[in-house]
Asker: 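Structure in C-alpha cells, see below.
Values in this document were obtained by computation on a predicted structure and should not be read as measured data.
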Amino acid sequence: MAKKVGILSIEGYVKGAERLVEQIALAAPEQEIELLAISYTEEQVIKTKLDRNANNWHLFDCSYLSMVTNQAKYEFIQSLKKDSYDCLIVLGGTTSVEFANELRNHGFPVITVPVSNYLDYPSGDYTVGSDTFINGVTKVIDRIVDTGHSHQKVTFIQIDDTYSGKVTRELSLTNEIDVCIASELDLTTNKKYLLKHMSSHPMYFLLNRSVSSIESFVATFCPTLSDYRSIDLDNLAIGQSMVTAFDRISVIKLGHAVTHLLDDGCLDAELYFSNGKVLLEQSLYDKNTEKQIAK
C-alpha cells in the first residue's frame with residue numbers, strides 16, 4: 001500500500017519552493033508514495049494530489065495558519081488526523097518548524113525542510129530562497145537609486161515590520177540610502193536633519209510602514225513636496241527576481257534528500273544545510289538522535 005504523504009508550508013511565498021515540490025513529486029514513485037499538497041485558506045482545508053503535471057505554490061500554502069487562533073490550528077490538525085497521513089513534509093523557517101513540533105505532539109511523523117527568504121531556520125546556515133531574496137533586494141535598491149538620479153526626485157521606499165523588513169533594512173545600508181526610518185527613535189533622531197535637507201537634493205528614504213505612512217511623513221516634514229516617488233520594496237524584490245543558481249542547486253540537493261528519506265522509511269527528521277551539505281537530524285521526539293549526511 002502506498003505511503004500517504006502531505007506537504008505544506010506556513011512560511012508565505014518563497015521563490016524556489018515550487019521547484020522543490022516539483023522535484024519531490026517527479027522523484028517520488030507514484031506506486032509507492034501518494035503525495036498530497038495541503039492548503040488552508042479562511043478555515044478551509046484543501047487537498048490536491050501532486051503528480052508530474054501539478055505544480056503551483058497555492059496548492060501547499062498554509063500561511064493563513066499564522067494568523068488564526070490556537071483553536072483554529074487545533075481544528076486544522078484534527079482534520080489532518082482524519083486523513084491518516086504516514087508523514088507530513090513541512091517547508092519553512094522558524095515559524096514552520098514550531099508548527100511542525102505541534103504536529104509531532106499530536107503524533108504526526110514530520111520532515112522539516114529549510115525553505116525561507118530570511119535565513120531563519122533553527123538549524124544550519126542556509127535556507128532555500130534566501131539567496132534569491134537577498135540578490136533581488138540588492139538589485140532593486142540599485143535600480144531605484146539609479147533611476148532616482150535621473151528623475152531628480154525624492155524617493156520613499158516602504159518596508160514592513162516583519163523579518164523581511166529587517167533584512168531589507170540591513171541590505172539598504174550598503175546602498176545609497178540617505179535616511180532609514182525603522183523606528184520612532186529614528187524619526188526623532190533625524191527630525192532636524194530632515195527638516196533642513198529635505199529639499200536640498202534628491203534623497204532616498206527607507207520608511208517602516210508601522211512608524212509612519214508616506215503621506216503622513218510628507219505632511220509632517222515636507223508639506224510643500226508634491227512630486228515624489230513611492231515604492232513598496234518587498235513585493236518588488238520578490239516579484240522581479242529570478243531563482244538564483246545557488247538556490248536551484250540547493251533545491252536539487254533537498255529534493256533528493258527528501259525522496260531518499262521517504263524511500264528508506266525515515267519519516268520523522270529535520271533536514272538542514274551545513275557548509276553546502278544537506279544534513280539530517282532525527283527528530284528529538286525519537287529516542288535515538290544522530291546526524292548523518294543525507295545521501
Asker: Please check if the side chain of R104 supplies one atom and the backbone of V110 the other of a donor-acceptor pair under 3.5 Å.
Answerer: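 Pair found, side chain donor or acceptor close to backbone of V110.
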
Asker: How many angstroms lie between CG in D263 and CD in E32, if you round to the nearest 0.5 Å?
Answerer: 6.5 Å

Asker: I want to know whether F156 and Y228 have ring centres closer than 6.0 Å.
Answerer: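 Between F156 and Y228, the centre distance is under 6.0 Å.
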
Asker: Tell me whether E11 contacts the main-chain N or O of G93 through its side chain, where contact means a donor paired with an acceptor under 3.5 Å.
Answerer: yes

Asker: What distance do M242 atom CE and N135 atom CG have between them, rounded to the nearest 0.5 Å?
Answerer: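 One finds 12.5 Å between CE of M242 and CG of N135.
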
Asker: Between the side chain of D125 and the main-chain N/O of N275, is any donor-acceptor distance below 3.5 Å?
Answerer: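 It does hold such a pair.
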
Asker: Return the NZ to NZ distance between K4 and K49, rounded to the nearest 0.5 Å.
Answerer: 11.0 Å

Asker: Using every non-hydrogen atom in the two residues, find where V243 and T132 come nearest and quote the distance to one decimal.
Answerer: CA-OG1, 3.5 Å

Asker: Side chains of L280 and E270: does their closest heavy-atom pair fall under 4.5 Å?
Answerer: no

Asker: Backbone N or O of S63 within a donor-acceptor pair of the S66 side chain at under 3.5 Å?
Answerer: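 Flag set: sc S66 to bb S63 pair under 3.5 Å.
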
Asker: Would you call V90 and I7 a side-chain contact if the rule is heavy atoms closer than 4.5 Å?
Answerer: no

Asker: Quick check on K73: does its NZ atom have over 12 non-hydrogen neighbours (other residues, nucleotides or ligands) under 6.0 Å away?
Answerer: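 It does: K73 NZ has more than 12 such atoms within range.
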
Asker: M67 and I46: same hydrophobic cluster, using ILVMFWY side-chain contacts below 4.5 Å?
Answerer: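 Shared cluster, no.
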
Asker: Is there a donor-acceptor contact under 3.5 Å from the side chain of K47 to the main chain of A37?
Answerer: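 Judged by distance alone, no pair lies under 3.5 Å.
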
Asker: Any side-chain heavy atom of L36 within less than 4.5 Å of one from T48?
Answerer: no

Asker: Give me the atom names and distance for the closest heavy-atom approach of L119 to S130.
Answerer: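 Closest approach of L119 to S130: CD2-OG, 3.4 Å.
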
Asker: With respect to Y121, which candidate in T112, T127, T94 satisfies the side chain to side chain donor-acceptor pair (under 3.5 Å) definition?
Answerer: T112

Asker: What heavy-atom pair brings I214 and S230 nearest, and what distance separates the two atoms?
Answerer: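 Taking I214 first and S230 second, the nearest heavy atoms are CD1-OG, 2.9 Å.
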
Asker: Let me confirm one number: the CD-CD distance from Q78 to E75, rounded to the nearest 0.5 Å.
Answerer: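 That separation rounds to 9.0 Å.
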
Asker: Can you check whether T69 reaches Y74 side chain to side chain, under 4.5 Å on heavy atoms?
Answerer: no

Asker: Using atom types as modelled and distance alone, determine if a side-chain donor or acceptor of T41 lies under 3.5 Å from a backbone N or O of Q44.
Answerer: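 Checked: no pair found.
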
Asker: Measure the shortest side-chain to side-chain distance between Y85 and K3 over non-hydrogen atoms and say whether it is less than 4.5 angstrom.
Answerer: no

Asker: Strictly by modelled atom types, are D61 and S39 linked by a side-chain donor-acceptor pair under 3.5 Å?
Answerer: no

Asker: Let me know which of I89, L261, V128 forms a side-chain contact (heavy atoms from CB on, under 4.5 Å) with V113.
Answerer: I89

Asker: Step by step, work out the side-chain contact (heavy atoms from CB on, under 4.5 Å) result for F60 and V21.
Answerer: CA-CA 9 Å; F60 56 93; V21 173; 3.5 Å; yes

Asker: Could you pull out the closest heavy-atom pair between K15 and N117, with the gap in Å?
Answerer: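 In this case the closest contact between K15 and N117 is N-OD1, 4.3 Å.
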
Asker: When the aromatic ring centroids of Y40 and F76 are compared, is their separation below 6.0 Å?
Answerer: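 Yes: the rings meet the under 6.0 Å criterion.
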
Asker: Check whether any side-chain heavy atom of V5 lies under 4.5 Å from a side-chain heavy atom of E34, and answer yes or no.
Answerer: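 No, every pair of side-chain atoms sits at 4.5 Å or beyond.
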
Asker: Do F99 and L65 have side chains that get closer than 4.5 Å, going by heavy atoms?
Answerer: yes

Asker: Do you know which two heavy atoms are closest between D86 and L267, and how far apart they sit?
Answerer: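 Heavy-atom minimum between the residues: O-CD1, 3.6 Å.
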
Asker: Hey, is the main chain of G276 close enough, under 3.5 Å, to the side chain of K253 for a donor-acceptor pair?
Answerer: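 At least one qualifying donor-acceptor pair exists.
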
Asker: Let me confirm one number: the OG-CG distance from S9 to L20, rounded to the nearest 0.5 Å.
Answerer: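 One finds 10.0 Å between OG of S9 and CG of L20.
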
Asker: Where do A257 and L271 come nearest, in terms of heavy atoms and distance?
Answerer: CB-CD1, 4.1 Å

Asker: Would a distance-only check, ignoring hydrogens and angles, find a side-chain to backbone donor-acceptor pair under 3.5 Å from S96 to L91?
Answerer: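 The answer is yes, because a donor-acceptor pair under 3.5 Å joins these two groups.
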
Asker: Once the angle between the rings of Y126 and F246 is folded into 0 to 90°, is it parallel (under 30°), tilted (30 to 60°) or perpendicular (over 60°)?
Answerer: perpendicular

Asker: Using only heavy-atom distances, determine whether the side chains of N105 and N101 contain a donor-acceptor pair under 3.5 Å.
Answerer: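 No - no donor-acceptor pair under 3.5 Å links their side chains.
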
Asker: Please examine the side chains of I111 and L88, heavy atoms only from C-beta on, and report whether any two atoms are closer than 4.5 Å.
Answerer: no

Asker: Could you tell me the separation between the CD1 atom of I24 and the CG atom of L254, rounded to the nearest 0.5 Å?
Answerer: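 Reported value, rounded in 0.5 Å steps: 8.0 Å.
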
Asker: Checking S274 side chain against K277 main chain: does a donor-acceptor pair fall under 3.5 Å?
Answerer: no

